[in-house]
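Worksheet: the structure to be examined is printed underneath.
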Amino acid sequence: LAATGRTVKVLTRRRERQKSRLVCPTVDMIECDVYDPASLDRHFAGADAVVFLTGILNESGHATFKRVHVELARSVSESCIRSGVSRLLHMSALNASAAGGASEYLRTKGEGEDIAHLAGGSVAVTSFRPSVIFGPDDSFFNRFADLLKLGPIMPLACPEARFKPVYVGDVADAFVQALEMRETAGARLELCGPDEFSLEEIVRETARMMGIRRLIIPLGDGASRLMANMLRFAPGLAIAVLAMPVVAGLLGTLLPAFGYLPALGGEHLTIQPFKVVLSQPGLLRSCLFALACGVTTAAISIALVALFV
């Protein structure tokens with residue numbers, strides 16, 4: 001929007017988290033309570049259009065699906081009417097439906113979308129239903145990338161779920177174009193990428209792009225529901241379960257290092273193995289030699305690169 005010459009006002013709860021956008025001269029980052037109707041009225045006054053992008057993937061504290069997707073959508077719609085805003089662009093989600101959504105996320109997204117379209121008055125509403133959005137710092141691919149880092153084994157819920165990922169830049173372009181095309185008023189537009197993938201294919205491709213090899217275990221329906229509920233209500237516990245193979249591997253390495261190896265008679269933890277190693281003659285000289293070799297090799301590598309760059 002800023003690139004088209006428009007002046008953009010962004011309402012946020014924490015202005016300092018958006019430092020990268022503060023340098024744009026036509027973008028005004030304003031910290032405010034978006035749940036306060038009076039605050040919305042004050043900032044919507046004089047605006048040509050309002051873009052509603054608020055949404056969450058997981059509930060936390062007061063940030064529930066109902067409050068964010070439904071109650072805030074209603075408050076924004078009502079404020080648009082009171083403030084005389086003529087255009088409202090509403091971010092929904094693919095397959096969102098108040099009555100038939102497959103999850104609470106999709107049901108509340110659908111309810112918020114319906115509220116926006118029923119705003120009435122002089123507000124022309126267009127809603128967008130994107131598939132999974134990807135781009136820098138996205139909360140989908142990066143979440144799975146973080147999970148893949150936890151260990152060599154990754155249980156995967158709903159591996160056959162299908163997605164048509166869409167690039168964030170294309171989604172932004174669709175919003176900008178809708179402002180120019182009045183005929184999109186009242187429309188509910190689905191935004192999808194050109195290719196369709198299963199979740200398992202997406203996760204395997206993410207691992208390949210990261211340059212790591214992981215054993216991905218597809219889960220059945222029952223186990224998938226259990227994992228989904230764990231991620232929703234106890235994400236820390238879910239991460240702990242995924243990290244168990246890593247912890248087991250570390251213990252299998254550390255315990256023998258401290259002398260605990262029952263198969264060879266080691267029944268107690270002790271630092272004696274370290275004392276034996278440190279008492280070896282020439283150990284310090286060997287360590288210094290290894291350090292010198294590492295530094296020298298790195299210096300030679302940098303020098304060779306510098307010659308060809």
| Which residues share a side chain to side chain contact (heavy atoms under 4.5 Å, CB included) with Glu180, sequence neighbours left out | Arg6

| said: Restricting to side chain to side chain contact (heavy atoms under 4.5 Å, CB included), what partner residues turn up for Tyr260, sequence neighbours left out? | reply: Leu255, Pro262, Leu269

Once side-chain hydrogen bond (donor to acceptor under 3.5 Å, both in side chains) is applied, what residue pairs with a partner in [range] remain, sequence neighbours excluded?
{"range": "residues 25-36", "value": "none"}
{"range": "residues 155-166", "value": "Arg162-Glu196"}
{"range": "residues 271-286", "value": "none"}

Would you confirm whether [X], through its side chain, and [Y], through its main-chain N or O, come within 3.5 Å as a donor-acceptor pair?
{"X": "Ser60", "Y": "Ala63", "answer": "no"}
{"X": "Thr184", "Y": "Thr126", "answer": "no"}
{"X": "Asp170", "Y": "Ala174", "answer": "no"}

Determine whether [X] and [Y] make a side-chain contact, defined as any pair of heavy atoms from C-beta on separated by less than 4.5 Å.
{"X": "Ile212", "Y": "Leu148", "answer": "yes"}
{"X": "Leu191", "Y": "Ile133", "answer": "no"}
{"X": "Leu283", "Y": "Leu278", "answer": "yes"}
{"X": "Met91", "Y": "Pro130", "answer": "yes"}
{"X": "Thr206", "Y": "Phe140", "answer": "no"}
{"X": "Lys109", "Y": "Glu113", "answer": "no"}
{"X": "Phe175", "Y": "Leu1", "answer": "no"}
{"X": "Pro37", "Y": "Glu78", "answer": "no"}

Calculate, to the nearest 0.5 Å, the distance between atoms [atom1] and [atom2] belonging to [X] and [Y] respectively.
{"X": "Glu111", "Y": "His69", "atom1": "CD", "atom2": "NE2", "answer": "11.5 Å"}
{"X": "His117", "Y": "Ser92", "atom1": "NE2", "atom2": "OG", "answer": "8.0 Å"}
{"X": "Asp41", "Y": "Ser75", "atom1": "CG", "atom2": "OG", "answer": "8.0 Å"}
{"X": "Leu40", "Y": "Leu72", "atom1": "CG", "atom2": "CG", "answer": "7.0 Å"}
{"X": "Leu156", "Y": "Ile217", "atom1": "CG", "atom2": "CD1", "answer": "10.0 Å"}
{"X": "Met154", "Y": "Leu147", "atom1": "CE", "atom2": "CG", "answer": "4.5 Å"}

Identify the two heavy atoms, one from [X] and one from [Y], that lie closest to each other, and give their separation to 0.1 Å.
{"X": "Arg188", "Y": "Arg129", "answer": "NH1-NH2, 4.2 Å"}
{"X": "Arg143", "Y": "Asn58", "answer": "NH1-OD1, 3.0 Å"}
{"X": "Ala178", "Y": "Leu89", "answer": "CB-CD2, 4.3 Å"}
{"X": "Val70", "Y": "Thr108", "answer": "CG2-O, 3.6 Å"}
{"X": "Leu88", "Y": "Ser77", "answer": "CD2-OG, 3.9 Å"}
{"X": "Pro218", "Y": "Ile216", "answer": "CD-O, 3.3 Å"}

| field | Under 3.5 Å side-chain donor-acceptor pair for Ser86 and Arg182 | value | no

| message | side chain to side chain contact (heavy atoms under 4.5 Å, CB included) for Val50 and Phe44? Distances and angles first, verdict last. | response | CA-CA 7 Å; Val50 168; Phe44 286 4; 3.8 Å; yes

Under 4.5 Å between side-chain heavy atoms, counting indirect links through other Ile/Leu/Val/Met/Phe/Trp/Tyr residues: same cluster for [X] and [Y] or not?
{"X": "Val176", "Y": "Phe128", "value": "yes"}
{"X": "Ile115", "Y": "Leu189", "value": "no"}
{"X": "Leu94", "Y": "Val168", "value": "no"}

| said: Would you say that more than 12 heavy atoms from the other residues, nucleotides or ligands in this model lie under 6.0 Å from the CD1 of Ile271, or not? | reply: no

| query | So with a 6.0 Å cut-off around CZ of Arg82, is the heavy-atom count from everything else above 12? | reply | yes

| So Ile81 and Val123, side chain to side chain contact (heavy atoms under 4.5 Å, CB included) or not? Walk me through it. | CA-CA 7 Å; Ile81 296 173; Val123 184; 3.9 Å; yes

| said: Does this structure show an ion pair linking Glu104 with Arg107, if we count only N-O contacts that are shorter than 4.0 Å? | reply: yes

| Do Glu200 and Arg204 meet the salt-bridge criterion of a basic N to acidic O distance under 4.0 Å? | yes

| request: Would you please classify the geometry between the Phe65 ring and the Tyr105 ring as parallel, tilted or perpendicular, with 30° and 60° separating the classes? | output: perpendicular

| message | Does the plane of the ring in Phe141 sit parallel, tilted or perpendicular to the ring in Phe134? Use 30° and 60° as the thresholds. | response | perpendicular

| request: Taking salt bridge (charged side-chain N to carboxylate O under 4.0 Å, His left out) as the test, write out the residues that go with Arg208, two or more places apart. | output: Glu205

